[in-house]
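I have placed the structure first, in the form of structure tokens, so that the comments after it can refer back to it.
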Amino acid sequence: MIDDNKNDIAIVVAGGSGKRMGGEIPKQFTELCGRPVLYYCLKAYEESRIDKVVLVCANEYIPLAREIMAGYGLHKTETIIPGGRERYDSVYAGLLAVKEMGGADYVQIHDAARPMVTADMIDAMADAVREDKALVAAVPAKDTVKKADVEGFVIETPRRKSLWSVQTPQVFSYTELMAAYEKMMEDTGRRDVTDDASVIEKYGGGRVRIFEASYDNLKLTTPGDMILAKAILESRGMPESSAAVGGI
């Protein structure tokens, strides 16, 4: 349990278009069990020991995001900023916003498309990062993975027990992640990074530890994922009521 005076801030990235979901608006603003998808992860952070939340989303959806924050009493989400073209641009914008807020000791990066995260998981990772400095939520790979060449022929079958499917949150020392991001943003070469841990691995030189998470912490990508998420929420008894606060 956190028993120090360190400052923990979360950056929630909600800038995806959600094209594979097939809706008219980004998936993080669509309805899931009567509430916006975005609500669930922000509610988990609201119930956690994280001090503040920075929300990054497309500029045109900031007014809607503010309505959700006010309507559901999500007071930790004080800062909402526009994102960038790529995910890493949005994360970097969030890191700069944290700097303007006076900085932080630790920062959690989470994707709004993973609404099943829990306050218990958030707090456990906040505890663990104090020792390891860089953590990624992940689960053991369920399937055998093949590595193929450009022609589609298998060239390697990695041992499955060494493979993990990476999720968010990803949690870091703020100063170390910020320094790694600044190096990456100065790099004029290809930024072939797919998550924040990759930035640390490539530009920070640090080691990243796996934090075993839950298969329930799924990413909403297709309509089928929404069905599964609904079942998980119902199994948890959430939400308590389908009626929104504040008329949203």
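Taking the side chain as every heavy atom from C-beta outward, Leu55 and Ile81 never approach each other to under 4.5 Å. With a 4.5 Å cut-off on side-chain heavy atoms, Val56 and Ile11 count as touching. Proximity of Glu46 to Tyr72: side-chain heavy atoms (C-beta onward) are nowhere separated by under 4.5 Å. Taking 4.5 Å as the limit, some side-chain heavy atom of Leu220 sits within range of a side-chain heavy atom of Val37. Looking only at side-chain heavy atoms (C-beta outward), Arg49 and Asp8 stay at 4.5 Å or farther from each other. Side-chain contact check for Leu95 versus Val91: some heavy-atom pair is nearer than 4.5 Å. Within the 4.5 Å cutoff, the side chain of Met178 has no heavy atoms near those of the Phe172 side chain. A 4.5 Å side-chain heavy-atom check between His110 and Val13 finds every atom pair outside the cut-off.
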Note to self: Using side-chain contact (heavy atoms from CB on, under 4.5 Å), reason through Met69 and Leu38 one step at a time and then give a plain yes or no.
What the structure shows: CA-CA 10 Å; Met69 303 310 104; Leu38 179 62; 4.1 Å; yes

Next item on the list: List the steps and the verdict of side-chain contact (heavy atoms from CB on, under 4.5 Å) for Lys147 and Thr157.
Entry: CA-CA 6 Å; Lys147 183 177 180 180; Thr157 303; over 6 Å; no

Notebook entry, point to check: Hey, mind stepping through Ile122 and Glu47 against side-chain contact (heavy atoms from CB on, under 4.5 Å) and telling me if it holds?
Noted result: CA-CA 10 Å; Ile122 291 166; Glu47 295 173 346; over 6 Å; no

Next item on the list: Evaluate the side-chain contact (heavy atoms from CB on, under 4.5 Å) criterion for residues Val53 and Ile9: first the C-alpha distance (whole Å), next the side-chain angles of each, then the deciding distance (0.1 Å), finally the verdict.
Entry: CA-CA 6 Å; Val53 178; Ile9 294 181; over 6 Å; no

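To the nearest 0.5 Å, atoms OH (Tyr88) and CE (Met185) are separated by 6.5 Å. Atom CG in Leu228 sits 8.5 Å away from atom CE in Met116 (nearest 0.5 Å). Interatomic distance, Leu163 CG to Thr144 OG1, rounded to the nearest 0.5 Å: 9.0 Å. Separation of atoms CZ (Arg35) and CG (Leu233) is listed at 10.0 Å; rounding is to 0.5 Å. Taking SG from Cys41 and CG from Leu74, the interatomic distance works out to 9.5 Å, rounded to the nearest 0.5 Å. Taking CZ of Arg66 as the reference point, atom SG of Cys57 lies at 8.5 Å (rounded to 0.5 Å).
Using modelled atom types, one side-chain atom of Gln167 and one backbone atom of Ser214 make a donor-acceptor pair closer than 3.5 Å. No donor-acceptor pair under 3.5 Å is formed between the side chain of Glu78 and the backbone N or O of Val54. Side chain of Asn7 to backbone of Gly103: a donor-acceptor contact under 3.5 angstrom is found. Checked by atom type and distance alone, the side chain of Asp111 never pairs as donor or acceptor with a backbone atom of Ala113 at under 3.5 Å. With hydrogens and angles ignored, the 3.5 Å screen pairs a side-chain donor or acceptor of Arg160 with a backbone N or O of Lys142. In this structure, the side chain of Asp149 engages the main chain of Glu151 through a donor-acceptor pair within 3.5 Å. Although no hydrogens or angles enter the test, the distance criterion places a donor-acceptor pair under 3.5 Å between the side chain of Lys76 and the main chain of Ser48. Of the possible donor and acceptor atoms, one in the side chain of Gln170 sits under 3.5 Å from a partner among the backbone N and O of Ala197.
Here the shortest heavy-atom pairing between Ala14 and Ala112 reads CB-CB, 3.6 Å. Here the closest non-hydrogen pair linking Met125 and Pro169 is CE-O, 3.4 Å. Of all non-hydrogen atoms in Ala93 and Pro82, the two that sit nearest each other are CB-O, 4.2 Å. Nearest approach of Tyr203 to Ala180, heavy atoms of both residues: CB-O, 3.5 Å. Residue Val129 comes nearest to Leu135 through the heavy atom pair N-CD1, 3.4 Å, listed as atom of the first residue, atom of the second, then distance. Of all the heavy atoms in Glu176 and Ile200, the pair that sits closest is O-CD1, 3.9 Å.
Remark: Glu201 pairs with no residue by the side chain to side chain donor-acceptor pair (under 3.5 Å) rule, at least two apart or across chains. Applying the side chain to side chain donor-acceptor pair (under 3.5 Å) test to Asp196 and every residue at least two apart in sequence or in another chain returns Arg87, Tyr181.
Heavy atoms of other residues, nucleotides or ligands lying less than 6.0 angstrom from CD of Glu60 number more than 12. Ile155 CD1: more than 12 foreign heavy atoms inside a 6.0 Å radius.
Judged by the 6.0 Å and 45° rule, Lys52 forms no cation-pi pair with Tyr45.
Ring geometry for Tyr61 versus Phe29: interplanar angle under 30°, hence parallel rather than tilted (30 to 60°).
Using a 4.0 Å cut-off between charged nitrogen and carboxylate oxygen, Glu234 and Lys230 count as a salt-bridge pair. Salt-bridge annotation for Asp132 and Arg207: absent, with no side-chain N of the basic residue lying under 4.0 Å from a carboxylate O of the acidic one. Salt bridge absent: Lys219 and Asp225 never bring a charged side-chain N and a carboxylate O closer than 4.0 Å.
Hydrophobic cluster membership differs between Val166 and Val139, with clusters built from Ile, Leu, Val, Met, Phe, Trp and Tyr side chains linked at under 4.5 angstrom. Side-chain heavy atoms closer than 4.5 Å link hydrophobic residues (I, L, V, M, F, W, Y) into clusters, and following such links, even through other members, never connects Ile210 to Tyr215. Residues Leu42 and Ile25 fall within the same hydrophobic cluster, defined by Ile, Leu, Val, Met, Phe, Trp and Tyr side chains chained together at heavy-atom separations under 4.5 Å.
Residues Ser173 and Lys133 bring no donor and acceptor atom of their side chains to less than 3.5 Å of each other. Using a 3.5 Å distance cut-off with no hydrogens or angles, the side chains of Asp105 and Tyr174 do not pair a donor with an acceptor.
Side-chain heavy-atom separations under 4.5 angstrom define the hydrophobic clusters, and Phe153 shares its cluster with no other residue.
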